[in-house]
Protein chains: 2
Amino acid sequence: MDLSRRLRSRGHRVTPQRKAVLEVLQENEGVPLDPEAVFELTRERHAGIGLATVYRTLELFRDLGVVLRVHLHEGSQHYEINTGGHHHHMVCVSCGSVDEFDGCVVDDLEESIREDSDFVVTSHCLSLFGYCPACLTAR
Amino acid sequence: MDLSRRLRSRGHRVTPQRKAVLEVLQENEGVPLDPEAVFELTRERHAGIGLATVYRTLELFRDLGVVLRVHLHEGSQHYEINTGGHHHHMVCVSCGSVDEFDGCVVDDLEESIREDSDFVVTSHCLSLFGYCPACLTAR
DNA sequence: CTCCTAATGATAATAGTTCTCAATAATGTT
DNA sequence: AACATTATTGAGAACTATTATCATTAGGAG
Ligand SMILES: [Mn+2]
Ligand SMILES: [Mn+2]
Ligand SMILES: [Zn+2]
Ligand SMILES: [Zn+2]
C-alpha cells in the first residue's frame with residue numbers, strides 16, 4: 001500500500017492532495033464514500049483541495065487498484081480502499097448503512113461460466129439489499 | 001403480466017403511455033434499456049410522450065414489480081422487464097453488450113447470511129464484467 | 001536551481017434526473 | 001351520455017452529479 005511507489009512506477013507525481021485523499025479512504029475502511037464525502041473529509045486535512053481533483057484522484061486510484069468502486073442502489077458512485085480482502089456488501093434499504101461480508105460465492109460461478117461460455121469474466125459486483133438489525137428492531 | 005389489472009388494483013390509471021412503455025420493455029426482453037432509450041423507442045409508438053413520463057412510468061413499474069432495475073458499470077440506470085425468471089448479467093467492458101445467465105449462486109449465500117447474521121436480505125444485485133466472445137476474437 | 005509539464009483549482013459545460021404547473025384525460029357517479 | 005373529480009401528462013425549469021476547459025502552480029528529473 002505504498003502510494004508513492006505505486007504512483008511513481010506509473011509516471012505519476014506524488015502530491016499532498018493525493019496523499020490526503022488516500023488517508024481519508026484508509027481511515028474510512030468499511031465505509032464506502034461518495035466523491036462529495038471524500039471531498040468534505042479531505043478538506044479538513046488539505047483545506048484548498050478542489051472537487052475536480054477529488055474526482056480525478058478517485059479515478060486514478062481506481063486505475064491503480066488503490067480503491068474499488070462499489071455499487072449501492074443509488075445514483076452516485078461510492079469508493080472504498082482496496083484492502084485486498086475480497087468481500088461484498090449488505091446495504092440497508094431503510095437507513096443506508098453498509099455491512100461487509102466475506103465468503104464470495106461468485107468465484108465458483110466464474111469458474112462454471114469459464115467452462116460453459118466464451119465470456120471471459122474479469123470482475124464482478126455483488127450487493128445484497130435488505131434491513132439491518134437496527135432498522136428491524138426499530139419497528 | 002396483466003398491466004391493467006395490476007395498475008387498477010393499486011388505484012392507478014391505465015393510460016396509453018403506460019401501455020406503450022410496457023410494450024417497449026416486453027419487446028426488448030434481455031436488453032436492459034436506460035430511460036433515454038425507452039423514451040426513444042416509446043416515441044415511435046406514442047409520438048407525443050414526454051421524457052418525464054417515461055421516468056415516472058419506470059419508477060411506477062418498478063414499484064409494481066413490472067420491471068427490474070439493473071446495475072451496469074455506468075452512470076445511468078437500466079431497466080428490464082421482470083419475466084419472473086431470476087437471472088443475472090455479464091457485461092462486456094469493451095463493447096457494452098449484455099448477456100444473461102441463470103443459475104443464481106446467491107440464494108445459498110442469502111441462506112447462510114440469514115443464519116449467521118441479523119441482516120434480513122430481501123434482494124440482491126450481481127453483475128459479471130469481462131469480455132464477450134466477439135470482442136475477444138476481434139483482437 | 002532551472003526547466004518541463006503533470007497536476008491543480010475555479011469555473012463553465014454537460015448529462016441525467018427530478019420538480020413545477022397548467023392542461024388533459026381516465027375513471028366513478030349521476 | 002354528460003359531469004365531476006383528480007391522477008396523469010408534457011414542456012420546460014431546476015437541480016445534481018460529473019466532466020471539460022484553461023490559466024496557474026508545483027513535482028521532480030537533470
Ligand atoms: Mn467494503
Ligand atoms: Mn436481464
Ligand atoms: Zn464485447
Ligand atoms: Zn441472483
Side-chain angles (χ1 to χ4, degrees), chain A residues 2-24 32-64 66-67 69-79 96, chain B residues 2-24 32-64 66-67 69-79 96:
Chain A
D2 184 345
L3 182 68
S4 300
R5 198 182 316 273
R6 210 179 294 200
L7 284 171
R8 290 212 190 87
S9 73
R10 294 264 238 111
H12 297 290
R13 293 177 181 177
V14 181
T15 68
Q17 289 91 340
R18 287 173 178 167
K19 286 194 271 192
V21 168
L22 179 68
E23 284 174 25
V24 164
L33 301 171
D34 63 17
E36 186 66 30
V38 174
F39 177 53
E40 293 303 337
L41 290 167
T42 306
R43 273 216 284 200
E44 298 172 4
R45 202 174 288 277
H46 186 101
I49 194 169
L51 181 56
T53 298
V54 170
Y55 274 97
R56 286 186 287 239
T57 302
L58 289 172
E59 256 328 279
L60 175 64
F61 282 4
R62 196 165 74 89
D63 204 49
L64 297 174
V66 173
V67 301
R69 193 162 60 176
V70 175
H71 276 268
L72 308 183
H73 248 192
E74 297 160 33
S76 70
Q77 313 283 353
H78 291 72
Y79 296 83
Chain B
D2 184 345
L3 183 67
S4 299
R5 198 182 316 273
R6 211 179 296 201
L7 284 171
R8 290 212 190 86
S9 72
R10 294 263 239 111
H12 298 290
R13 294 178 180 176
V14 182
T15 68
Q17 290 90 341
R18 287 173 177 166
K19 286 194 271 191
V21 168
L22 179 68
E23 283 174 26
V24 164
L33 301 172
D34 62 18
E36 185 66 31
V38 174
F39 177 54
E40 294 302 338
L41 290 167
T42 306
R43 274 217 283 198
E44 300 172 5
R45 201 174 289 277
H46 187 101
I49 193 169
L51 181 55
T53 297
V54 170
Y55 275 96
R56 285 186 286 238
T57 302
L58 289 172
E59 257 327 280
L60 175 63
F61 281 5
R62 196 165 73 89
D63 204 48
L64 297 174
V66 173
V67 302
R69 194 162 61 176
V70 174
H71 275 267
L72 308 182
H73 248 192
E74 296 160 34
S76 70
Q77 311 283 353
H78 290 71
Y79 296 82

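Numbered from 1 within each chain, the chains take letters A, B, ... in sequence-line order. Below, each value reflects all heavy atoms present in this structure, side chains not excepted, and no hydrogens, waters or symmetry copies.
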From CA spacing to verdict: side chain to side chain donor-acceptor pair (under 3.5 Å), B:Y79, B:E59: CA-CA 10 Å; B:Y79 296 82; B:E59 257 327 280; 3.2 Å; yes
Gap between atom CG of B:D34 and atom CD of B:E40 - 0.5 Å precision: 10.0 Å
Nearest-angstrom distance from the residue atom NE2 of B:H46 to P of D:dT9: 9 Å
Under 4.0 Å protein heavy-atom contact, by nucleotide of nucleotides 24-30 of chain D - B base, S sugar-phosphate only: --BBS--
Contact under 4.0 Å: B:Y55 side-chain N or O vs C:dT18 OP1/OP2: no
Nearest-Å distance for atom pair CG/P, residues B:L64 and D:dT8: 10 Å
B:R56 side-chain N/O to C:dT18 phosphate OP1/OP2 under 4.0 Å: no
Rounded to 10 degrees, the angle between the two terminal axes of the helix from C:dC1-D:dG30 to C:dT30-D:dA1, each from five pairs: 40°
Separation of A:L58 CG from A:H78 NE2 (nearest 0.5 Å): 11.5 Å
For atom CG of B:L7 and atom P of C:dG28, their distance in whole Å: 13 Å
A:R13 backbone acceptor or donor facing A:R18 side chain under 3.5 Å: yes
Rounded distance (Å) that lies between atom C1' of D:dT9 and atom CG of B:L51: 13 Å
Length of the CZ-C1' vector between A:F39 and C:dT8, whole Å: 13 Å
Residue list, salt bridge (charged side-chain N to carboxylate O under 4.0 Å, His left out) with A:R8, at least two apart or on another chain: none
Straight-line distance of A:L22 CG to A:R6 CZ, nearest 0.5 Å: 9.0 Å
Distance test, side-chain N/O of B:Q17 to OP1/OP2 of C:dA25, below 4.0 Å: no
5'-most by nearest nucleotide on DNA chain C - B:P35 or A:G11: A:G11
Which nucleotide in C:dG9, D:dA11, C:dA7 has an atom nearest any side-chain atom of A:R18: C:dA7
Side-chain donor/acceptor of B:T53 to backbone N/O of B:I49, under 3.5 Å: no
Length of the line joining B:Q77:CD and C:dT17:P, which is rounded to integer Å: 6 Å
Between CD on residue A:Q17 and OG1 on residue A:T42, distance to nearest 0.5 Å: 10.0 Å
d(CZ, B:R69; C1', C:dT17) in whole Å: 12 Å
From A:R56 atom CZ to A:L51 atom CG, the distance as rounded to the nearest 0.5 Å: 9.5 Å
Nearest-angstrom distance from the residue atom CD1 of A:I49 to P of C:dG9: 6 Å
